[in-house]
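In listed order, ligands and their atoms are each counted from 1. The residues of the chain are indexed from 1 along the displayed sequence. Keep in mind that this is a model prediction, so the values were computed, not measured.
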Amino acid sequence: MEPNFYPTTTDKIARYEQFLKEFALFIERETEEISILANTTAALREAFDWFWIGFYIVHGEELILGPFQGNTACFRIRKGRGVCGTAWAKACTQIVPDVEQFPGHIACNSLSRSEIVVPVWQDNKICAVLDVDSDQLNTFDEIDRLYLEQLCQLISQTLYRNKTKCKEIL
Ligand code: SME
């Protein structure tokens, strides 16, 4: 059956619960990392319609742009730079209610107002980060952290099960 991630509820928790259930089934048989990451961004766009959704993938001392949905974005981010590089360096999710208040925020698009960045782990190392931007202030909270961390864990388990190496893969 064709997957359908379009929301049937406005309740945020219910929407995430529905999303995670469908998404787990959707990726269960897939093995290709890039394909899984690409469809993750497409599925999140269908379900939540955020402004920009994408992965930055660890490559040496930099993050490089991976699969995304939205406007063109910076190709490379150094460790510790911007929100993405900070999530990587500090090894924890960053919630930014107002990007203008985040020192060193990298503005790929001036319409982006708030942001959440969640690490993807593999073998006790961060192999990528999921970056979600909103064109509204204060979009992301602890509910987003909880469920997006679960999503990244599911992605990591799927990749690990399939024994691909998160790319440092590329
Ligand atoms: N704002 C991010 C850069 C990536 S773009 O938002 C797509 C950051 O500060 O790391």
Working note: S35 + E30, criterion side chain to side chain donor-acceptor pair (under 3.5 Å); need CA distance, chi angles, decisive distance, verdict.
CA-CA 8 Å; S35 310; E30 188 44 69; 5.1 Å; no
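Within the structure, every pair that satisfies the side-chain hydrogen bond (donor to acceptor under 3.5 Å, both in side chains) test and touches residues 80-100, not counting sequence neighbours, is listed here: T93-E149. Among residue pairs with one or both ends in residues 30-125, those qualifying as disulfide (SG to SG under 2.5 Å) are C74-C108; sequence neighbours excluded.
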Contacts table for residues 138-148: side-chain donor-acceptor under 3.5 angstrom, sequence neighbours left out:
unit_1: T139; atom_1: OG1; unit_2: S114; atom_2: OG; d: 3.3
unit_1: T139; atom_1: OG1; unit_2: S134; atom_2: OG; d: 2.6
unit_1: T139; atom_1: OG1; unit_2: Q136; atom_2: O; d: 3.2
unit_1: D141; atom_1: OD1; unit_2: K12; atom_2: NZ; d: 3.1
unit_1: D141; atom_1: OD1; unit_2: I143; atom_2: N; d: 2.9
unit_1: D141; atom_1: OD1; unit_2: D144; atom_2: N; d: 3.2
unit_1: D141; atom_1: OD2; unit_2: K12; atom_2: NZ; d: 3.3
unit_1: E142; atom_1: OE1; unit_2: R145; atom_2: NE; d: 2.7
unit_1: E142; atom_1: OE2; unit_2: R145; atom_2: NE; d: 3.4
unit_1: E142; atom_1: OE2; unit_2: R145; atom_2: NH2; d: 3.1
unit_1: D144; atom_1: OD1; unit_2: Y16; atom_2: OH; d: 2.6
unit_1: D144; atom_1: OD2; unit_2: K12; atom_2: NZ; d: 2.5
unit_1: D144; atom_1: OD2; unit_2: D141; atom_2: N; d: 2.9
unit_1: Y147; atom_1: OH; unit_2: E17; atom_2: OE2; d: 2.5

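If you chain together hydrophobic residues whose side chains sit under 4.5 Å apart, L25 and L151 never meet in one group.
Contact shell of ligand 1 (protein heavy atoms, cutoff 4.0 Å): W52, Y56, A73, I77, G82, V83, C84, H105, I106, C108, E115, D131, D133.
If you take CZ on F23 and CD on E46, they are separated by 11.0 Å, rounding to the nearest 0.5 Å.
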